[in-house]
Amino acid sequence: MLDKTYEPQNKENLIYKKWEENHCFKPFSDSNKNSNKENFTIIMPPPNITGQLHIGHALNNTTQDFLIRYKRMKGYNTLWIPGTDHASIATEVKIIEALKKEGLSKEKLGRDEFLKRAWAWNDKYGGRIKLQLKTLGCSCDWDRCAFTMDEKRQKSVLDVFKKLYDEEYIYRGEKLINWCPTCKTALSDAEVEHIDENSSLWYIRYPYADKSGYLVVATTRPETIFGDVCVAVNPNDERYKDKIGKNVILPILNKEIPIISDDYVEKDFGTGVVKITPAHDFNDFEVGKRHDFQPIKIMNLDGTMNDYCGKYSNMDRYTCRKQLVEELKSLDLIEKIEPYNLPKATCYRCHNAVEPMMSKQWFMKMQDMAELGLEAIDNKELEIVPNRVQKIYRNWLENIKDWCISRQLWWGHRIPAYYCKDCGNTMVEINKPSACTKCGNKDIVQDSDVLDTWFSSALWPFSTLGYPDETDDLNRFFPTSILVTAQDIIFFWVARMVMLSKKIMGKTPFSKVLINGIVRDDEGKKMSKSSNNGVDPIEIIEKYGADSLRLSLLFGNGTGNDFRFSEEKILEDRKFINKVFNSGKFLELVLSQTTETKLDKTKLNIFDKWIYSKLFDAIEEINKLIDNLDICQAVNKMYSFVWDEFCNYYLEFSKPYVYSNDPNVRANACAILKDIYLNILKLLHPIIPFITEDIYSNFTNELLINQSYASSIGYFKKETEDVEKIISLIQKIRETRLSYNVIPSKRITLIVNKNNVSETSLNIINEAKLVLSKMTNIEKIDILDNIDSDSIKFVTELGEFYFYKYEVVDTEKEREKINKDIEKINSEIKILEIRIFNPNFISRAPQQLVEKEKLRYEYLLNSKNSLEEKLKNLK
RNA sequence: GGGAGAUUAGCGCAGUUGGUAGAGUACCUGCCUUACAAGCAGAGGGUCAUAGGUUCGAGUCCUAUAUCUCCCACCA
C-alpha cells in the first residue's frame, strides 16, 4: 500500500540496501562469464578525499548514474567503478592545517607518523564520500571500488613508472621549475594559477662601468637583482645599439655585468632594457641559456633570500623587496615607480606565490605523448561533448612542456628510484634492489619524493581494471565507454589519461567525454572545494530526498552549461515526483476496486491506442536524445509525456473504462492503465530511481532496476489523429465555456451540426462521448439538422459545434470574443500573405511548405468569414 | 594579449541540420471535479543584447559592437 504522501526519508536507504543485496550493480558478465552483451563501462572520476562531496559532485555522479541505469535497462553489460583519489598535495595541505591546530607540524611528527595520520584521514573522509554516493543512489559496483593509493593501484603506478623510465620518457634533471615555498614542493605547470595583482614597475638605474651615466631597467621583481647575470636590449633598438657589449654595475653587489642583445626584449615595454635572472624566471632562463650564462640561485626553498644576498640573506622575499627598494632609493638608484598589474603565479592548493626555482626533479617527456593525445581527437577516437571543449584540449596539448612529476611531499606514491650511496648510481625498480647494480654496494636509499597526484589519476581507466595484471576486467571492460567530468580538469586529468592510455594500453581510454557544467550557488558564484560555498548533498537529500535532488540537477540544464543551484528549484521540480506518486496512488485505487485485470491487446479503444502511440513516440525520442547525450531534452520529454499526456489526458480518458460496469471492459482498462504506468516507472527510473523502485514494488514482485527499459506495443496512426481531434474539441469546449463565464459545475448541452460534421467524425465523437462529458461537463450531445442562428458556434477540425444560447448567454462577451478571434486571425493572415504572395517564396521554398501555407491561408479566410457572419447575426 | 561561452516571458532556463518563439515558476481569472491545492481548467506576458550582412525566409549562419562569466598566457 502506498503512503498518503511520498516520504522519501525513511525509504531510500532500504531500497538501496535491497539493490545491493540483490547484486544489482554488478555487470551481467560476473554471473555469466559467457555473456555476449555489449559492454557499457564508466569509471567514476575519483573524488578527492580532502573533504566531502558538494553539489558539483552530485551533478557529475547523477549524470553517470543516469547513463548507467539507462544502459543497464537497455540490456548492456554495465559496469560503473567507483573510487577515491588520495589527492597528494591537497590532502597533505589539509592534514598540515589540522596538525597546526594541535600545535604539531609534519616535521615534528616524522614521515611514518604523518602517513599514519593520512591513512586515518582517508578512512574518515573516503568513507564519508562513499556514503554520500550511496545516499545519492549511485549504482556503482562497490566490490570494485578503487583508491588511487591502494595496493593494486600502487602496483600500476610502479609498473608504468618503470616502463616509462626504461623507455626514457621519464628522466631526472635540474631545471627551472615552479616551486611553492609554502607547500615546499615542486609543482607542474598545470598546478600554477595566475591571478592579477596590483603591483609596481620599478625603474632602477644601473650605472655604466665606465662611469658615463646609467641605464634604466624596469622590473616587477627588484629583489631578484642579486641573481642578474646581464641586462638585455633588443638588437634593433637604436637607443642602445652602441651600448651592447659594454658593462654596467649591478647595484648593491657592485658587480660588473654585460649588456647583451636578444630578440626576446620588446622595445616598447618599460625602458626597453631587461635585467636577466636565469635562476628565477622562465624567460630569463632561456635568454641565459642562449648566451651561456650560469644561473645564480638567490633564494632558499622557503622563499627567503639565500646567503648570496649578503645582509638580505634569510630575509623573506617580500620583506627583502621592501628594504632593498629603500636602500636603492637612498643610493638614488630608483628612477621612478609606476603602478603595474601583473599576473602573479600562485599555488593551486595554498594560493601563495609560486617561485621559479632551479631544482633537481623528475620529469616526463611530453612531446610524443602530446602527439598521441592529438591523434585521438584527429582520428575521432575521442569525442568531447560539447564540441567546443575540444579546442581547449587541443590548444593545451599543442603548447605542452615536459611534466614535472616529482613532489617534495610525503602523502603519495613514493618514487621507485633508488640511489647507491657509494657510487651515486640511480636504479629504478619496482622492488628495492638489494645491492647497487653498478658497484655492488648495499647501502641504497630510496628517493624521498612522491609522484604528482595526477600521475596515478592518469592511469585510472586501466589501473581500476587491474593493470598491469591481465585481468578479466581489463580484457572485457577496457577501453571504457564514456567519461563524465568537469571542464576544469581537462588538462590535469582527461588529456593525461588519453595520452597514457594510448602509450601504455595502445588505446584511447574512452570514446566519449561528457563535460558537465560548473555548479554555482544561488548568487551565481562558482561552488568549489576551495571557496567553501559548497552545499552538502546529504543535507538536501535529508530534506527533499535524493530523487528530488537528482531531478533538479538534470532538469532544464543544457549539456555543458553552468548550472545555478537553489533549493527553490528543487521545490519546483519535486512537484513532478509528487505527480508521479499520485498517479501511482490512482492506479492502486483503481486496482483495489476490481477483482480481475487482464490485458487483451486486441481490445484497445482509441484512447488506449493513442497513449501507446504517445509512449512509442516518447521512447523513440528519449532514446535518440540520450544517445546524443542530450539528457536535458530527454528529461524534458519524460516530463511532458508523463504530466501532459498521461496524467492530464489519459488518466481522464481511462476513468469511464476503469469504472465501467462491464467487467471485461474494466479488466482490460485496468490492465492497460497498469501497463502504461509501469512503463512510465521504467522510463523515469534512471532519473528518480528510489521512488520508481518503491512504487514498482507495490505492483510487482520484481525489482525495477533489473527490468528492460520502457517499450510500447506500437504506433496507431489513425486513432492517434482521432484522439488529437478530440483533445482539440475538449480544449475548445473548455475555452468557450470559460469565455462565457459558464461556471464549471454547470452541465450544458453540446450541439453537433449534422450537416457539417462527417460520418467518421460523428463516430469519433460517439466513441468519445463519455470522456467528453466527463472532461468538459457536457450533459448531453444533440445532433441537429437545424440550428438556431443565435446559438454559440465554435469550429474544430471535427466540424461545427454549438451551445444553446440560453445555456451560456451574454451577448457582449460573445461580441468581444469574436472580435478578438478575428483580430488574431487577421494578424496571422497578414504574415501568411507576405509569404504566399511573394513569388520568390513560391518558387524557392520547398513545394510542400508552399502547399501547406496555402491551405492554412484558405482555412483562415474561411474561419474569418464565418466569424464575421456570426458577429452580424449577434443580437 | 589570446581564446571560449553567455545575452530569449517578471525570474532562473530550453530551443542540434534556417520555416510563423517554448516548458517551469511567478502573476491574473475560475475551480477543494472521489490520484494529486506540491492540484485542475483557462488567460496575459518576448523587435530572441545592439547594428549591419547572407537568404524567399534568421533566435538559429556571417561581420562588427556592448555587457557579463570562464579559461589560457613568461612582455620584464
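Keep in mind that what you see is a predicted model, and the values were worked out from it rather than measured.
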Could you check how far CG of D281(A) sits from C1' of rA73(B), rounded to whole Å?
-> 14 Å
Can we call the ring centroids of F794(A) and F803(A) under 6.0 Å apart?
-> yes
What's the CD1-C1' distance between I276(A) and rC74(B), to the nearest Å?
-> 11 Å
Nearest-Å distance once atom P is located in both rU25(B) and rG18(B) = 32 Å
Can you figure out which of rA35(B), rA76(B), rA14(B) approaches the side chain of C632(A) most closely?
-> rA14(B)
Hey, can you tell me if F555(A) and Y639(A) have their rings parallel, tilted or perpendicular (30° and 60° cut-offs)?
-> parallel
Mind checking who rU33(B) pairs with, Watson-Crick or G-U wobble, both distances under 3.5 Å?
-> none
What integer distance in Å separates E572(A):CD from rG24(B):C1'?
-> 6 Å
Output yes when at least one side-chain N/O atom of H194(A) is less than 4.0 Å from OP1 or OP2 of rC74(B), else no.
-> yes
Is rC13(B) paired to anything, Watson-Crick or G-U wobble with both distances less than 3.5 Å, and if yes, which nucleotide?
-> rG22(B)
N557(A) or N395(A): which one's nearest nucleotide on RNA chain B is closer to the 5' end?
-> N557(A)
Could you tell me which nucleotide pairs with rC74(B) by Watson-Crick or G-U wobble geometry, both distances under 3.5 Å, or answer none if nothing does?
-> none
Looking at every strand, decide which applies to Q633(A) at a 4.0 Å heavy-atom threshold: base, sugar-phosphate, or nothing.
-> base
If you check the A845(A) side chain, which of rA14(B), rU25(B), rG19(B) turns out closest?
-> rG19(B)
Please check the phosphate of rC40(B) (OP1 and OP2 only) for any side-chain N or O of W643(A) closer than 4.0 Å.
-> yes
Under a 3.5 Å limit for both distances, which nucleotide forms a Watson-Crick or G-U wobble pair with rU60(B), could you say?
-> none
Does N561(A) put a side-chain nitrogen or oxygen below 4.0 Å from OP1 or OP2 of rA14(B)?
-> yes
Rounded to whole angstrom units, what separation is found between the CG atom of N582(A) and the P atom of rA38(B)?
-> 11 Å
R564(A) has a side chain; which of rC36(B), rC13(B), rA76(B) sits nearest to it?
-> rC13(B)
Between N234(A) and D263(A), do the side chains contain an N or O donor and an N or O acceptor separated by less than 3.5 Å?
-> no
Taking atom types as modelled and ignoring hydrogens, do the side chains of E338(A) and Y203(A) form a donor-acceptor contact shorter than 3.5 angstrom?
-> yes
Base, sugar-phosphate, or nothing for Y340(A), non-hydrogen atoms under 4.0 angstrom?
-> sugar-phosphate
Assert yes or no for the condition that the ring centre distance of F646(A) to F641(A) is strictly below 6.0 Å.
-> no
Report the base-pairing partner of rA49(B) (Watson-Crick or G-U wobble, both distances below 3.5 angstrom), or none.
-> rU65(B)
With a non-hydrogen cut-off below 4.0 angstrom, is V590(A) in contact with a base, only sugar-phosphate, or nothing?
-> nothing
Atom CZ of F555(A) to atom C1' of rG22(B): distance rounded to whole Å?
-> 12 Å
If you take atom types as modelled and just measure distance, does the side chain of D630(A) reach the base of rU16(B) with a donor-acceptor pair under 3.5 Å?
-> yes
Base, sugar-phosphate, or nothing: which does K655(A) touch, judged by heavy atoms less than 4.0 Å apart?
-> base
Quantified in whole Å, what is the P atom distance between nucleotide rC31(B) and nucleotide rC48(B)?
-> 37 Å
Distance below 4.0 Å between K579(A) side-chain N/O and rC40(B) OP1 or OP2 = yes
With a 4.0 Å cut-off on heavy atoms, is T220(A) in touch with a base, just the backbone sugar-phosphate, or nothing at all?
-> sugar-phosphate
Specify the separation, in whole Å, of atom CG of D644(A) and atom P of rG24(B).
-> 7 Å
Determine yes or no for a side-chain-to-main-chain donor-acceptor pair under 3.5 angstrom, with D284(A) supplying the side chain and T277(A) the backbone.
-> yes
Contact class for R520(A) vs. all strands (heavy atom < 4.0 Å): base, sugar-phosphate, or nothing?
-> sugar-phosphate
Just checking, any donor-acceptor pair under 3.5 angstrom between side chains of E286(A) and Y264(A)?
-> no
If you pin F563(A) and E568(A) to their nearest nucleotides in RNA chain B, which one's is more 5'?
-> F563(A)
Would you classify Y264(A) as touching base, sugar-phosphate or nothing, given that sugar-phosphate means primed atoms plus P, OP1 and OP2, and contacts are heavy atoms under 4.0 Å?
-> base
Using the side-chain hydrogen bond (donor to acceptor under 3.5 Å, both in side chains) rule, take Y857(A) and E833(A) through it: C-alpha gap first, then chi angles, then the decisive distance, then the call.
-> CA-CA 8 Å; Y857(A) 183 66; E833(A) 278 178 343; 2.6 Å; yes
Scan L651(A) against the nucleic acid and name what it touches under 4.0 Å (heavy atoms): base, sugar-phosphate only, or nothing.
-> base
Check: K732(A) main-chain N/O paired with T736(A) side-chain donor or acceptor under 3.5 Å = yes
Have a look at E266(A) and say if it touches a base, only the backbone sugar-phosphate, or nothing, with a 4.0 Å heavy-atom cut-off.
-> base
Nearest-Å distance once atom P is located in both rA76(B) and rG12(B) | 38 Å
Answer with base, sugar-phosphate or nothing: what part of the nucleic acid does P846(A) contact at a heavy-atom distance below 4.0 Å?
-> base
When we call it a touch if two heavy atoms are under 4.0 Å apart, what does Y659(A) touch: a base, just sugar-phosphate, or nothing?
-> sugar-phosphate
So which nucleotide from rA38(B), rC74(B), rG42(B) ends up closest to the side chain of K575(A)?
-> rA38(B)
Distance test, side-chain N/O of N648(A) to OP1/OP2 of rC40(B), below 4.0 Å | yes
Base, sugar-phosphate, or nothing: which does L625(A) touch, judged by heavy atoms less than 4.0 Å apart?
-> base
What is the distance, rounded to the nearest whole Å, between atom CD1 of I570(A) and atom P of rA38(B)?
-> 18 Å
Is there a donor-acceptor pair closer than 3.5 Å between any side-chain N or O of Y240(A) and the backbone N or O of P235(A)?
-> no
Would you mind classifying the nucleic acid contact of G272(A) as base, sugar-phosphate or nothing, using non-hydrogen atoms under 4.0 angstrom?
-> base
Considering every strand shown, what is the Watson-Crick or G-U wobble mate of rC28(B) when both distances are under 3.5 Å?
-> rG42(B)
For atom C1', what is the distance between rU67(B) and rA49(B), given to the nearest Å?
-> 8 Å
Take atom C1' in rG46(B) and the same atom in rG3(B), then report the distance between them in whole Å.
-> 32 Å
Distance, C1' atom - from rC72(B) to rU65(B), rounded to whole angstrom = 24 Å
Report which part of the nucleic acid D573(A) touches: base, sugar-phosphate, or nothing (heavy-atom distance under 4.0 Å, all strands).
-> nothing
Quote, to the nearest angstrom, the P distance that separates rU16(B) from rA73(B).
-> 33 Å
Expressed in whole Å, how much space separates the C1' atoms belonging to rG45(B) and rU29(B)?
-> 15 Å
Protein-nucleotide distance (D488(A), atom CG; rC71(B), atom P), rounded to Å | 8 Å
